[in-house]
2 protein chains.
Amino acid sequence: MANKLNLDKLDYQIIHEMMENAETSYADLGKKLFVSGGTIHVRIKKLQEMGVVKGSRLNVDLKMLGYDVIAFIGIYLEKSSLYDNVARELAKIPEIVRMNYTTGNYSILAEIICKDINHLRNVLHDQLQKIKGIERTETFISLDESLNRNVQVSANGEN
Amino acid sequence: MANKLNLDKLDYQIIHEMMENAETSYADLGKKLFVSGGTIHVRIKKLQEMGVVKGSRLNVDLKMLGYDVIAFIGIYLEKSSLYDNVARELAKIPEIVRMNYTTGNYSILAEIICKDINHLRNVLHDQLQKIKGIERTETFISLDESLNRNVQVSANGEN
DNA sequence: ATTGAAAGAGTCTCAGT
DNA sequence: ACTGAGACTCTTTCAAT
């Protein structure tokens, strides 16, 4: 996509600051970036209207909530034309949080978050295996998530 | 982890509501869940103090910002004992946003977000290849991200 | 486009239940 | 533990620059 949004350095700085911590007040962020709170407000509103900023998500400790298992599932399809259909069925499973149609080994690389290994096994066996069009799957269970962050948008826009 | 946090149904409901959209006001959320805004406030504060709620992140359209390429990298290590060291080096690359130590084929499954294919190639060639301990890598480029959401925390707590 | 101030809305605290 | 009201802070608007 052509990056012709005409964002300036301030826009990038705001995005950069709020991507990891969306709680900072406009006044404080303004102080940090040497503009008024009103300006921050105008910019964020502009970014929302443009669709660059789509909202914000609560960041929770899933382990504390009892979700102990993150796993990745490489999915082989019988025919790649079945992708849309399989994707639609996968999306119905609430434990599946992410799906990418990829080059390479697998047709689909999905991510799933479960309470425990039993829960994972149940979803794989009772739901995933029943979807038509999936040839086979490979599951990678995460033993340690050592990094999970947002991409660091560089604060040096073109303007 | 033993899920002995003594969260009740209301706590789970609040988490559930705010995980996809952290913008709802306490007053509105209270109306929806049939309690006062003050109660929502007390609960969220409690959840923050417990460490269940860790903050919130701005949700941006990376494609609009010129980040067109999401890829996953399966990494084979020469020896699994090199994990800590490799993980530390990988974390220094800002384009790497996620890293999991996994069972199965690869030792590490990483995610990388780049502006374009050239950018990806440069990071793989100039930075990843130079890390000691990596035997080889397999790259899966995402052609389509059909799903990216938070896990739906079930709002039926134990209490 | 940015500012600063005023109006409006939301958060936070607390006494009462 | 929840409520409602008051104090406070933040967002939002707007006239002036």
Side-chain angles (χ1 to χ4, degrees), chain A residues 3-61 64-66 150 153-159, chain B residues 3-61 64-66 150 153-159:
Chain A
N3 186 15
K4 263 300 130 223
L5 296 170
N6 264 31
L7 301 185
D8 66 8
K9 190 169 176 179
L10 181 58
D11 294 313
Y12 280 99
Q13 284 175 315
I14 292 170
I15 292 166
H16 178 78
E17 293 291 336
M18 307 256 310
M19 265 177 88
E20 278 303 316
N21 182 9
E23 257 121 78
T24 330
S25 77
Y26 294 177
D28 288 351
L29 189 51
K31 241 172 261 170
K32 194 166 180 179
L33 303 177
F34 306 106
V35 291
S36 74
T39 300
I40 302 287
H41 174 245
V42 171
R43 296 303 188 100
I44 289 184
K45 209 175 140 194
K46 180 190 73 179
L47 291 167
Q48 284 169 336
E49 279 162 7
M50 289 169 100
V52 174
V53 168
K54 294 190 286 187
S56 71
R57 286 177 175 181
L58 205 66
N59 190 214
V60 304
D61 188 320
M64 289 189 78
L65 290 173
N150 263 324
V153 171
S154 43
N156 50 344
E158 289 77 5
N159 305 42
Chain B
N3 186 15
K4 262 299 130 222
L5 295 170
N6 263 32
L7 301 185
D8 67 6
K9 189 167 177 181
L10 181 59
D11 294 314
Y12 280 99
Q13 284 176 315
I14 292 169
I15 292 166
H16 178 77
E17 294 289 338
M18 306 255 313
M19 267 177 87
E20 277 303 316
N21 183 8
E23 258 121 77
T24 330
S25 79
Y26 295 177
D28 287 351
L29 190 50
K31 240 171 262 170
K32 193 166 180 180
L33 303 177
F34 306 106
V35 291
S36 74
T39 300
I40 301 288
H41 174 245
V42 171
R43 296 304 189 99
I44 288 183
K45 208 175 140 194
K46 181 188 75 177
L47 290 167
Q48 284 170 338
E49 279 162 7
M50 290 170 99
V52 175
V53 169
K54 295 189 286 187
S56 70
R57 286 177 176 181
L58 205 66
N59 190 214
V60 303
D61 188 319
M64 289 189 78
L65 290 173
N150 262 325
V153 171
S154 43
N156 49 345
E158 289 76 6
N159 304 42

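Chain A is the first sequence line, chain B the second, and so forth, proteins listed ahead of strands; every chain is numbered from 1. Owing to the predicted nature of the structure, the values given are computational and were not obtained by experimental measurement.
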Q. Got a sec, which residues hit side-chain hydrogen bond (donor to acceptor under 3.5 Å, both in side chains) with B:T24, two or more places apart in sequence or on another chain?
A. none
Listed pairs, N/O of protein and of nucleotides 15-17 of chain D, under 3.5 Å:
none

Q: Could I get the full list of side chain to side chain contact (heavy atoms under 4.5 Å, CB included) partners for A:S25, not counting sequence neighbours?
A: A:A27, A:D28
Q.
Quick check: closest heavy atoms across A:V60 and B:M19, and the distance to 0.1 Å?
A. CG2-CE, 3.8 Å
Q. Quick one: are B:N21 and A:R57 in side-chain contact, heavy atoms under 4.5 Å?
A. no
Q | Value rounded to 0.5 Å, distance of NE2 in B:H16 from CG in B:L33 | A | 10.0 Å
Q: Please report the C-alpha distance between B:Q13 and B:L29 in whole Å, then the side-chain angles of each, then the deciding distance to 0.1 Å, and finally whether the side-chain contact (heavy atoms from CB on, under 4.5 Å) criterion is met.
A: CA-CA 10 Å; B:Q13 284 176 315; B:L29 190 50; over 6 Å; no
**Q.** Under 3.5 Å donor-acceptor, B:N59 side chain and A:K54 backbone
**A.** no
Q: Rounded off to whole Å, could you give me the CG-to-C1' distance for the B:L7 and D:dA1 pair?
A: 15 Å
Q. Looking at residues 33-46 of chain A, who's got a heavy atom less than 4.0 Å off DNA chain D?
A. A:H41, A:K45
Q.
Please give me the minimum heavy-atom distance between A:A22 and B:L58, naming the atom from each residue.
A. CB-N, 3.7 Å
(Q) I want to check something: taking the side chain as every heavy atom from C-beta on, are B:V52 and B:L5 in contact at a cut-off of under 4.5 Å? (A) yes
**Q.** salt bridge (charged side-chain N to carboxylate O under 4.0 Å, His left out) contacts touching residues 35-53 of chain B (sequence neighbours left out)
**A.** B:D8-B:R43, B:D11-B:R43, B:D11-B:K46
Q: Measure from CD on A:E23 to C1' on D:dT11 and round the result to the nearest Å.
A: 16 Å
Using a cutoff of under 3.5 Å, can you pull out all pairs of nitrogen or oxygen atoms linking the protein to nucleotides 7-9 of chain D, with atom names and distances?
none

Q. So which of residues 49-57 of chain B are in contact with DNA chain D, with a heavy-atom cut-off of under 4.0 Å?
A. none
Q) Can you check whether A:L7 reaches A:L47 side chain to side chain, under 4.5 Å on heavy atoms? A) yes
Q: List in chain and number order the residues that pass side-chain hydrogen bond (donor to acceptor under 3.5 Å, both in side chains) with B:K32, two or more places apart in sequence or in another chain; answer none if no residue qualifies.
A: B:E17
Q: Please name all residues satisfying side chain to side chain contact (heavy atoms under 4.5 Å, CB included) with B:V35, sequence neighbours left out, ordered by chain then number.
A: B:L10, B:T39, B:I40
(Q) Below 4.0 angstrom, which residues in residues 25-32 of chain A have at least one non-hydrogen atom near DNA chain C? (A) none
(Q) With a strict under 4.0 Å distance from non-hydrogen atoms of chain B, what nucleotide opens and what nucleotide closes the contacted stretch of DNA chain C, reading 5' to 3'? (A) C:dG10 to C:dT13
Q. With sequence neighbours left out, what residues match A:E23 under side-chain hydrogen bond (donor to acceptor under 3.5 Å, both in side chains)?
A. B:S56
